[in-house]
Every structure is written in C-alpha cells, then in structure tokens.
Amino acid sequence: MSKPSVGTKKRDFWWMCVVPLYLFTLAFILGPMIYMVAVSFATNNPSGYGFQWIFTLENYLRIQDPTYLQCFRQSFELAFSTTALTILIGYPYGYYMGRLSPKGKKLMMFLVMVPFWTSSLIRLYGWLILLQAKGVLNGLLQALGLIEDPIKMLYTYPAVLVGMVYALMPFMILAVYSSVEKMDWSLVEAARDLGASPVKAFWTVTFPLTLPGLLSGVILTFVPSMGLFFIADLLGGNKIVLVGSLIQDQLTRGSNWPFAAALAVLLMAMMTLMIVVYRKVTHVSELEGRL
Amino acid sequence: MQSGTVPVVLELLDICKSFGDNRVLNDFCLTVHEGEFVTLLGSSGCGKTTLMRIVAGLEPPTSGRVLLEGADMEGVGPEKRNINMVFQNYALFPHMNVFQNIAYGPKLKKLGKAEIAARVDEMLRLVQMQGFEKRMPSEMSGGQRQRIAIARALINNPRVLLLDEPLGALDLQLRRQMQHELKNLQKELGITFLYITHDQEEALNMSDRIVVMKDGRIEQEGSPAEIYDHPRTSFVARFVGSANVLQGTVKEISEEALLLETPFGCFPCSRDGMAAAVGESVTAAVRGENIAILAEATAPCHLTGVVKEKTFAGGMLRIVVKLGEETEMVISRQGINIEYAIGEQVALEWPACHCVPVDRGDGR
C-alpha cells in the first residue's frame with residue numbers, strides 16, 4: 001500500500017478547514033438571504049399569520065405607495081445628513097489623531113473605543129436623560145439663565161441626527177485615521193517645496209491620498225444609518241419612520257412578512273449598488289496609490 | 001577655487017540645530033557660489049539631512065541665518081524660497097501621473113496651459129524621459145522615478161537645487177551612470193547643486209567642492225583633489241578613500257620629509273610645511289594603493305608585518321598586514337593574487353610624497 005503523499009494530506013487539511021466555513025456561510029448568510037428574496041415574492045395571508053407560496057409582485061408594487069416612498073426618502077435624507085456631519089467632525093478628528101505622537105495616538109484610540117464597551121442601547125438612554133424636557137441639558141441652560149422654559153429637544157429630528165452621528169462617528173474616525181496614519185508626509189513637504197501653501201498642499205496632496213479612507217468611512221456610516229431604526233424610534237418618538245422601523249413593524253405588528261422582505265430586498269439592493277460604486281472609485285485611487 | 005567674481009548664491013551663517021538635548025548642527029557655516037556643485041559628505045547622523053531641510057525651509061534652525069542671494073530666509077516658508085529639493089525617496093505624488101507631477105510647480109504659479117505643456121516637455125527631454133507623461137509613479141523603476149523627481153524640481157528654475165542622497169536607492173551600475181548624467185546636467189544648466197551623500201566615491205566623482213561633515217561640524221572643506229590627497233584629519237583620511245592612519249615619533253627632519261619611528265619600524269612622511277621637532281608625536285595617513293609590499297626591504301626605512309588576509313573585491317586585491325597586536329595596514333593592488341602566503345613576513349614601503357601628516361595642531 002502506498003503512503004498518501006504530502007500533497008494529499010495538505011489538501012485534506014485544507015478541505016477540513018474550508019468546508020465548515022462554506023457550510024456556515026451557506027446556512028447562516030446565503031440561505032436566509034435566498035429565503036428572504038423568495039418570501040418577498042410570496043403572497044401574504046390576510047387572515048392572521050403566515051404567507052402562502054403563491055408568486056406575486058404585489059409586495060414590490062406596494063412600495064410605490066406615497067407613505068412608503070416618503071419613508072425611503074426620509075431614511076435617505078437622514079443617512080445623508082448623518083454622513084455629512086460625521087465627515088465634518090470625523091475627518092478633522094481622524095486627521096489630527098493620525099498626526100499625534102505614538103503615545104497620543106494610543107490614548108485617542110482608547111477614548112474612541114471606550115463607548116463600544118457599553119451596549120449601544122444603554123448609551124442611547126444616556127442621550128434620553130440628556131435631552132428630555134427635565135433633562136440635564138435643559139437644566140443646565142435654565143441654570144445659566146439662557147432659557148426660561150425647557151426647549152423641546154427629545155423626539156425631534158435634530159435629536160435623531162445627534163444620536164445617529166454619535167453612534168456612527170467612531171467608524172468614520174477610525175477609517176480616516178487609518179489612511180492618515182499610512183500617509184507619507186514627505187509628499188506634503190515636497191508639495192510645499194514646489195510652491196504650495198499649507199492649504200494648497202492639503203487639498204492637492206493630503207486630501208486625495210486620504211480619500212479612500214474617507215470613502216470607506218462614508219460606506220461604514222451611510223449603510224448602517226439606513227438600517228438603524230432603534231435610534232430614530234427612541235430619540236424621535238414615532239414621528240420619524242425609517243425603512244428600518246418600517247421593516248421591523250411589518251415583521252412584528254403588521255405581520256406581513258412578504259412585504260417586510262420586499263422592503264429589505266430593495267434596501268439591500270440600494271446598498272449593494274452604493275458599495276459597487278464605491279469599489280469602482282476606490283479601485284481607481286488604490287491603483288494610483290500603489291507606489 | 002572659486003574666484004571672487006562669481007556671486008554668492010547661498011550663505012549659511014552659524015547654523016545650530018538641536019532636537020531636545022540632541023545637538024545636530026554646531027555653528028555650521030558654508031558659502032555656496034553660483035553654479036557650484038557642493039557635496040556634503042558624511043556618515044548617517046552627521047546632520048547633513050537636517051542641514052538640507054533647514055536650507056529648504058522645512059525645518060527652522062535653532063539659531064543662525066540662511067541667506068539666499070543675500071536675503072535672510074528667516075520666517076520664509078518653503079513655498080516662497082527659490083530652492084527646490086530632490087527627496088531621498090523621490091516623494092513623487094502617487095496619485096498623479098508623470099505630467100501632473102512635473103507640472104505641479106508651474107500650475108501653482110498659474111502659468112498658461114500651453115506654456116506648462118511646453119516646459120514639461122522640455123524637462124522630460126532633459127532627463128530623457130519623453131513619452132512617459134501618462135505613466136504613474138508606481139509603473140516606473142527607481143531610476144526612472146529619480147529622473148522625474150529631478151525634472152519636477154528643475155522645472156521651477158531654482159537658484160539652488162538640493163539633492164538628498166538621490167542615488168542611494170539605485171544599484172551600483174545605474175548609480176555610476178546617473179552620477180555622470182547628473183554632473184552633465186548640472187554643467188549644462190549651470191544650476192547650483194547642493195548634494196548630500198555618504199558615498200565618498202560619488203562625492204569625489206561629481207563635486208567641485210566637498211564638505212566633509214562629522215557630528216554637525218565641518219571636518220574639512222575643499223576640492224576633491226585636496227580632500228583626497230591632503231586629508232587634514234585622520235577622520236577625513238579614513239572616511240574618504242579609507243586611508244591607513246599611523247602614529248609615529250619624529251626621528252629625522254629634512255626640508256621635504258619627516259622620518260617617523262614606530263614599534264614596527266620607521267616610515268617616511270611628507271613634511272607639508274609642518275614645523276615639527278624631533279621626538280614629537282605625529283599622525284600620518286597613507287593610502288593602500290601607494291604602499292609597496294615586499295619580501296625583502298629595499299629601503300632602510302620600512303615597516304615589517306605579517307600577511308593576515310587576502311581578499312579580491314571590485315577588481316582590486318586587498319591585503320591586510322598585521323604590524324602589531326592592534327595595528328593593521330590595508331594595502332590594495334591590481335591583480336588577483338600576490339606571491340605572499342598568509343602568515344609570511346613582509347616589508348612595507350612608500351615614498352614620502354604619498355604620506356601626509358594629519359590631525360596637526362597648526363590647523364592646516
């Protein structure tokens with residue numbers, strides 16, 4: 001009997017490692033996704049729970065209803081303003097963090113990561129305490145004599161925006177930071193040497209070279225902000241209904257699984273499109289960035 | 001070497017630079033004339049890169065002044081100095097192609113499109129890189145990037161071009177070729193070059209004047225021939241062309257030469273106008289290629305030692321002769337072998353004119 005060759009053994013080991021991975025992906029990611037797409041074409045059982053496997057486009061056509069379109073519009077608007085604000089705060093933050101001494105970098109990284117140690121839901125309750133009518137912020141403003149009556153802060157659009165920006169900021173900061181960290185600063189010196197003012201050097205050299213980081217930060221904030229429903233629910237009352245909340249609502253109270261699935265499929269398709277566009281853009285800049 | 005009629009372009013006056021407690025430059029003074037090729041030669045950490053960054057305006061001096069054509073550069077940013085630099089790692093903008101890289105300076109000066117295109121074309125021709133306009137830096141070899149970096153700096157017509165070890169990352173053959181090209185370019189354009197290197201061969205091949213640096217100070221300054229033939233200190237003698245440095249006691253003095261006594265024999269040394277006295281200790285330098293290695297001494301004044309090592313490198317045979325416990329002489333010769341075996345006793349001789357006194361108290 002011939003001994004199994006080293007190559008065969010190696011391949012066996014490789015399969016042993018890879019097969020569970022494929023099975024896991026199939027069972028928990030791909031499978032449910034296929035199921036969801038299938039459900040989105042099924043017919044809802046109008047009398048109570050469940051649905052029937054009868055093909056229909058009804059669920060998708062229903063999204064054209066102005067109420068639901070409005071919901072998508074609102075979600076996009078919120079996602080856009082959230083992303084814009086995280087860029088405005090997160091880019092400078094990540095930039096200066098990347099320029100600190102190694103010790104300073106460690107400290108700032110620690111501070112950025114600290115919020116992750118507590119549940120996001122608990123952190124959100126913190127915002128509730130801060131923003132409510134008899135809350136910390138109103139109390140402070142009243143004590144300072146800046147306002148007489150409490151301002152309505154909670155259950156407003158700005159409150160939701162603040163909550164979203166707060167929750168997603170670390171992703172933007174870390175994405176920008178990682179690209180600033182990799183930056184070769186002799187390029188900025190070269191730009192200065194060739195006649196660029198500090199501002200000009202930033203816009204012609206630093207910014208384009210850290211753009212891939214900024215763009216991945218945009219994806220990391222925009223995509224989840226489309227789906228984060230509990231922030232809008234908690235800080236916005238029920239005035240702001242996002243796609244995420246709508247899906248959750250249809251899944252539980254409305255008990256219309258096929259419609260919830262259709263909404264989710266549409267949302268996912270939009271996100272995928274965004275990521276594809278992003279990959280195209282960064283692929284180009286990556287190609288240029290390789291030295 | 002420079003006559004008084006050639007105008008001074010760059011003057012460095014008592015430049016000091018410290019990083020915390022670490023003093024990198026000590027009262028450094030240097031005058032550079034129009035069209036001169038000046039090389040700062042020193043090992044890493046001698047402060048030469050810091051000096052260049054101070055000249056470019058990328059780093060402020062702790063004290064001292066930089067004068068460019070007589071104007072004090074204090075508080076003048078790098079973008080406002082008519083000086084350009086070729087960085088050690090080339091620092092080409094990775095997100096721009098060759099054309100955009102070279103056009104970066106002229107674009108900032110808001111020159112017209114057609115003029116920029118014409119200037120870039122001219123520069124590409126100068127560095128023999130026509131047709132590379134659309135290439136990205138990542139798609140070029142080290143030598144090609146080097147040429148683009150030079151073109152990007154030269155297009156701004158700098159009064160002084162700073163080059164920080166520009167050939168350091170290239171292989172030996174390409175380095176030799178680029179040395180030649182750079183020197184020709186400098187002569188052709190008549191631009192003042194301030195060049196940094198740690199490679200003595202590069203410095204000797206290209207420069208009009210070499211400034212040997214050590215610990216943030218000038219160790220010796222002069223033409224390549226002066227530096228090579230008349231090293232003033234044992235450091236310069238060893239660093240430039242790796243000469244042998246020997247110490248001896250003056251035994252005899254003639255008008256032209258000294259005879260120096262050592263425990264391993266005696267040797268002649270040119271006097272070089274030195275006011276020496278019998279019994280005084282003198283340090284002298286002699287180059288390996290000027291030492292004759294013999295089985296039997298021909299002159300009464302010679303050193304004796306034992307062959308310790310023979311190696312063949314770069315077309316030269318390198319022979320180490322051990323004189324005493326801690327004293328070795330390195331002799332280099334053409335050819336691939338010598339008739340002496342390792343362990344054999346030999347005599348070393350040289351004419352007085354090939355040996356110079358160094359580390360002299362009289363400051364010459």
Side-chain angles (χ1 to χ4, degrees), chain A residues 87 91 94-95 98-104 175-218 277-291, chain B residues 49 52-53 55-59 76-98 100-111 134-142 145 148-158 160-164 169:
Chain A
I87 291 173
Y91 188 88
Y95 176 87
R99 303 227 59 182
L100 290 173
S101 65
K103 232 178 163 179
V176 171
Y177 167 78
S178 72
S179 69
V180 171
E181 249 258 289
K182 274 184 279 175
M183 179 80 193
D184 174 4
W185 297 105
S186 70
L187 296 174
V188 177
E189 289 186 337
R192 295 291 310 280
D193 185 67
L194 293 167
S197 65
V199 174
K200 193 81 192 172
F202 174 81
W203 287 114
T204 53
V205 176
T206 315
F207 188 74
L209 289 176
T210 52
L211 195 60
L214 181 67
L215 286 176
S216 61
V218 166
V277 170
Y278 158 77
R279 287 284 287 270
K280 276 258 160 67
V281 173
T282 46
H283 179 67
V284 171
S285 57
E286 241 173 308
L287 193 79
E288 293 177 348
R290 212 188 315 123
L291 203 118
Chain B
T49 296
M52 194 154 274
R53 291 173 58 82
V55 174
L58 296 169
E59 196 97 58
V76 177
E79 69 271 26
K80 296 200 182 76
R81 298 187 184 194
N82 200 357
I83 293 176
N84 285 112
M85 182 157 168
V86 176
F87 288 72
Q88 199 169 0
N89 62 354
Y90 319 135
L92 292 180
F93 304 126
H95 56 303
M96 298 182 195
N97 64 26
V98 164
Q100 291 165 322
N101 262 286
I102 299 176
Y104 189 83
K107 255 187 201 155
L108 288 169
K109 283 186 196 135
K110 305 228 154 55
L111 296 183
K134 294 274 181 297
R135 288 279 190 104
M136 299 305 287
S138 57
E139 299 164 334
M140 292 189 295
S141 70
R145 283 185 219 172
I148 300 306
I150 290 166
R152 186 179 68 170
L154 283 178
I155 199 169
N156 303 296
N157 284 323
V160 180
L161 185 69
L162 308 175
L163 299 106
D164 185 2

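Order of the sequence lines fixes the chain letters, A, B, ..., with proteins taken first and strands second; residue numbering starts at 1 for each chain.
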Report task. Might you point out which heavy atoms bring A:L187 and B:L92 nearest each other, and give the distance in Å? Result -> CD2-O, 3.2 Å
Query - Reported CG-to-CE distance for the pair A:L209 and B:M96, which is rounded to 0.5 angstrom - result: 8.0 Å
Report summary line: Applying a strict 4.5 Å limit to non-hydrogen atoms, the region of B:I155 in contact with chain A is neither
Query raised in the report: Hey, does B:F93 have a side-chain heavy atom less than 4.5 Å from the side chain of A:T204?
Result: no
Query - Shortest non-hydrogen separation from B:N89 to A:S186 and the atoms involved - result: ND2-OG, 3.3 Å
Requested in this report: Against chain A, work out which of B:R81, B:M85, B:K109 has the most heavy-atom pairs shorter than 4.5 Å and name it.
Outcome: B:M85
Query raised in the report: Which heavy-atom pair separates A:R192 from B:G77 by the least distance, and what is that distance?
Result: NH2-CA, 4.4 Å
Query raised in the report: Of the non-hydrogen atoms in A:A196 and B:L108, which two are nearest, and what is the gap between them?
Result: N-CD1, 3.4 Å
Query raised in the report: Is it true that B:E79 and A:K200 make a salt bridge, defined as a side-chain N closer than 4.0 Å to a carboxylate O?
Result: no
Report task. Under 4.5 Å heavy-atom distance to chain A, tell me which part of B:N156 shows up: side chain, backbone, both or neither. Result -> side chain
**Report entry** Proximal component of A:D184, with respect to chain B [non-hydrogen, under 4.5 Å]
**Finding:** side chain
Query - Heavy-atom proximity to chain A below 4.5 Å, by part of B:R152 - result: both
Report summary line: For A:A191 and B:Y104, the nearest pair of non-hydrogen atoms, with its separation, is CB-OH, 3.4 Å
